[in-house]
Trainee: 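Just passing along the structure, written as structure tokens.
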Amino acid sequence: MSWRVVVVSSNAKVDYKLEYLVVRTVDEVKRVHLSEVGVLMLESTAISLTTYLLCELVRRKIKVIVCDHQRNPCGELVPSCGCHDGSAKIRQQLQWDKGIRESVWTEIVREKLSRQKGHLAHRGLPQARLLGEYIGQLQYNDSTNREGHGAKVYFNALFGQDFTRTADIPINAMLNYGYSLVMSVINREIAAAGYLNQLGLAHSNTYNPFNLACDFMEPLRPLVDGVVVDTAPDRFEKEEKIALLQLLNREVRVDGKRQYLLYALHLYCASLFRALQGGDVSEITWVEYEW
């Protein structure tokens, strides 16, 4: 099972040799067997890669995240064909029943609100009770937007009444970085399963190529939030990024079994596809975690 998160953060040449990822810098050469790599993050713009390596990374469905000159994620490597029957999967996706899509979205919102409530309760914050009320008020397809109301209560409880998600502050930079990491892994799972990421359940932004991943990742956001609260950043630099990268190797629970988050997201996405294909929301297996 692939589980390593490999980060290349300085001037280096990265290539392939005998099934190994080889990172060559001025001072040393490091090797990691590709069977162990789940995510490769290229954190510097002074890195060069061979095309042979890129082909192997795509073939093995290893997530590659590319960072910009500020070392923030700006793109990822996604295979053009994730599985052998991708055409069939896309036809099935286009035929997913509207009712089951809305039912799955309802359950995603319920789980997100539940995780947000649990997070606030863990911090001893009284607003957890209000989120519990929102869960009770949740209607089919979240027609009354309990998710949006819950988000306002939740973030203000964690970061203060003056906090907004649009502010240019270290907290938001860290949140965005963490969300992008989790979403990139979910993007990999969607591509590997052969589905179109552009076609979401509730997210439908014309300019968003990852609408489906945005839907799937909603219950995972509080996992990132917990790291940000614990870090309480007054800056967003290398240490804060490392704290978020470590999330991908955190142990969580899926169906009562402990798994690394990387593999847990594979199981979670697969269960969502079963629910959407079979029309049964009981197929969904949630990722359980603590803060």
Side-chain angles (χ1 to χ4, degrees), residues 1-5 35-39 61-63 83 96 100-125 128-129 131-132 134-136 138 142 146-147 150 154 178-179 181-195 201 212-230 243-291:
M1 180 183 70
S2 58
W3 55 276
R4 288 185 183 272
V5 179
S35 64
E36 299 179 359
V37 182
V39 176
K61 298 181 175 63
I62 295 171
K63 172 59 63 178
C83 67
W96 284 345
I100 187 59
R101 285 190 282 113
E102 293 179 346
S103 294
V104 169
W105 176 244
T106 304
E107 295 308 310
I108 286 175
V109 173
R110 190 188 314 278
E111 182 68 11
K112 179 182 181 181
L113 289 170
S114 177
R115 291 293 163 189
Q116 289 176 328
K117 174 190 172 184
H119 188 193
L120 295 186
H122 172 76
R123 305 281 175 186
L125 296 170
R129 180 177 177 180
L131 286 183
Y134 286 165
I135 295 172
L138 182 63
D142 192 24
R146 295 300 92 184
E147 181 202 14
Y154 173 75
Y179 295 156
L181 289 178
V182 175
M183 185 181 294
S184 71
V185 178
I186 294 177
N187 289 341
R188 177 186 67 174
E189 297 302 329
I190 292 172
Y195 295 101
L201 306 178
L212 190 57
C214 288
D215 292 324
F216 284 9
M217 76 166 292
E218 292 297 348
L220 283 304
R221 290 181 184 273
L223 187 59
V224 174
D225 305 336
V227 177
V228 177
V229 174
D230 289 337
L244 290 167
L245 280 166
Q246 290 172 344
L247 259 183
L248 300 180
N249 284 332
R250 177 178 291 189
E251 286 193 346
V252 295
R253 287 188 175 274
V254 178
D255 201 20
K257 298 178 181 178
R258 299 188 71 84
Q259 307 282 0
Y260 289 113
L261 181 62
L262 275 175
Y263 187 63
L265 291 177
H266 166 73
L267 299 175
Y268 166 62
C269 290
S271 75
L272 283 166
F273 291 132
R274 289 196 302 272
L276 289 162
Q277 286 293 108
D280 184 1
V281 295
S282 68
E283 288 280 359
I284 303 174
T285 303
W286 303 108
V287 177
E288 301 174 11
Y289 53 87
E290 298 176 354
W291 295 270

Trainee: Looking at K63, I'd like to know if its NZ atom is crowded, meaning that more than 12 non-hydrogen atoms belonging to other residues, nucleotides or ligands lie closer than 6.0 Å.
Mentor: yes
Trainee: Verify side-chain contact (heavy atoms from CB on, under 4.5 Å) between W96 and Y195, making sure each step is shown before the conclusion.
Mentor: CA-CA 12 Å; W96 284 345; Y195 295 101; 3.6 Å; yes
Trainee: Does anything in residues 102-111 pair up under side-chain hydrogen bond (donor to acceptor under 3.5 Å, both in side chains), and if so which pairs, sequence neighbours excluded?
Mentor: E102-Y140, E107-R110, E111-R115
Trainee: Does the side chain of I186 come within less than 4.5 Å of C269's, by heavy atoms?
Mentor: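 C269 vs I186: side chains touch.
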Trainee: Before you tell me yes or no, could you show the steps for L201 and I108 under side-chain contact (heavy atoms from CB on, under 4.5 Å), namely the whole-Å CA-CA distance, both residues' side-chain angles and the distance that decides it to 0.1 Å?
Mentor: CA-CA 10 Å; L201 306 178; I108 286 175; 4.3 Å; yes
Trainee: Among pairs that include at least one residue of residues 248-257, which meet side-chain hydrogen bond (donor to acceptor under 3.5 Å, both in side chains), considering only residues two or more places apart or in two chains?
Mentor: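 Every side-chain hydrogen bond (donor to acceptor under 3.5 Å, both in side chains) pair that includes a residue of residues 248-257, provided the two are not neighbours, is E251-R258.
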Trainee: What are the two closest non-hydrogen atoms of R188 and G38, and how far apart are they?
Mentor: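 Reported closest heavy-atom pair: NH1-O, 2.8 Å.
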Trainee: With heavy-atom distances below 4.5 Å as the criterion, would you say the side chains of L223 and V182 are in contact?
Mentor: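 They are not in contact (no side-chain heavy atoms under 4.5 Å apart), so the answer is no.
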Trainee: Would you mind reporting whether Y268 and L220 have side-chain heavy atoms less than 4.5 Å apart?
Mentor: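 Sidechains of Y268 and L220: in contact.
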Trainee: Charged N to carboxylate O below 4.0 Å: is that the case for R123 and D230?
Mentor: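 Between D230 and R123 there is a salt bridge, with a charged N closer than 4.0 Å to a carboxylate O.
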Trainee: Can we call the ring centroids of F273 and F216 under 6.0 Å apart?
Mentor: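 Yes, ring centres under 6.0 Å apart.
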Trainee: So do the side chains of I284 and L272 get within less than 4.5 Å of each other, counting heavy atoms only?
Mentor: yes
Trainee: So, taking the atom named CG in L276 and the one named CD1 in I100, what distance separates them when rounded to the nearest 0.5 Å?
Mentor: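 So the gap between those two atoms works out to 6.5 Å.
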Trainee: With a 4.5 Å heavy-atom cut-off, do T285 and R274 have their side chains touching?
Mentor: yes
Trainee: Let me confirm one number: the OG-CH2 distance from S114 to W286, rounded to the nearest 0.5 Å.
Mentor: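 Result: 10.0 Å between the selected atoms.
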Trainee: Take Y179 and D225 through the test side-chain contact (heavy atoms from CB on, under 4.5 Å) and record every step on the way to the result.
Mentor: CA-CA 9 Å; Y179 295 156; D225 305 336; 2.5 Å; yes
Trainee: Considering all heavy atoms of both residues, which atom of A128 and which atom of A121 are nearest to each other, and what is their separation?
Mentor: CB-N, 3.7 Å
Trainee: Drop me the distance from E36's CD to I62's CD1, to the nearest 0.5 angstrom.
Mentor: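 Going from CD on E36 over to CD1 on I62, the span is 10.5 Å.
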Trainee: How long is the straight-line distance from CG of L131 back to OH of Y154, given to the nearest 0.5 Å?
Mentor: 9.0 Å
Trainee: How many angstroms lie between CZ in R146 and CG in L113, if you round to the nearest 0.5 Å?
Mentor: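 Between atom CZ of R146 and atom CG of L113 there are 9.5 Å.
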Trainee: ring-ring contact (aromatic ring centres under 6.0 Å, His included) with Y289: which residues, sequence neighbours excluded?
Mentor: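 Testing Y289 for ring-ring contact (aromatic ring centres under 6.0 Å, His included), a comparison that skips the adjacent residues, returns W291.
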Trainee: For V227 versus L244, what's the shortest heavy-atom pair and its separation?
Mentor: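 Minimum heavy-atom separation between V227 and L244: CG1-CD2, 3.9 Å.
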Trainee: What's the spacing between H266 NE2 and E189 CD if we round to 0.5 Å?
Mentor: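 Going from the NE2 atom of H266 to the CD atom of E189 covers 6.0 Å.
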Trainee: Side chains of P222 and Q116: does their closest heavy-atom pair fall under 4.5 Å?
Mentor: yes
Trainee: Hey, are the side chains of K112 and R221 touching, using non-hydrogen atoms and a 4.5 Å cut-off?
Mentor: yes
Trainee: Taking the side chain as everything from C-beta on, heavy atoms only, tell me whether V39 gets closer than 4.5 Å to V185.
Mentor: yes
Trainee: Are there more than 12 heavy atoms of other residues, nucleotides or ligands under 6.0 Å from atom CZ of R129?
Mentor: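 Incorrect, the count does not exceed 12.
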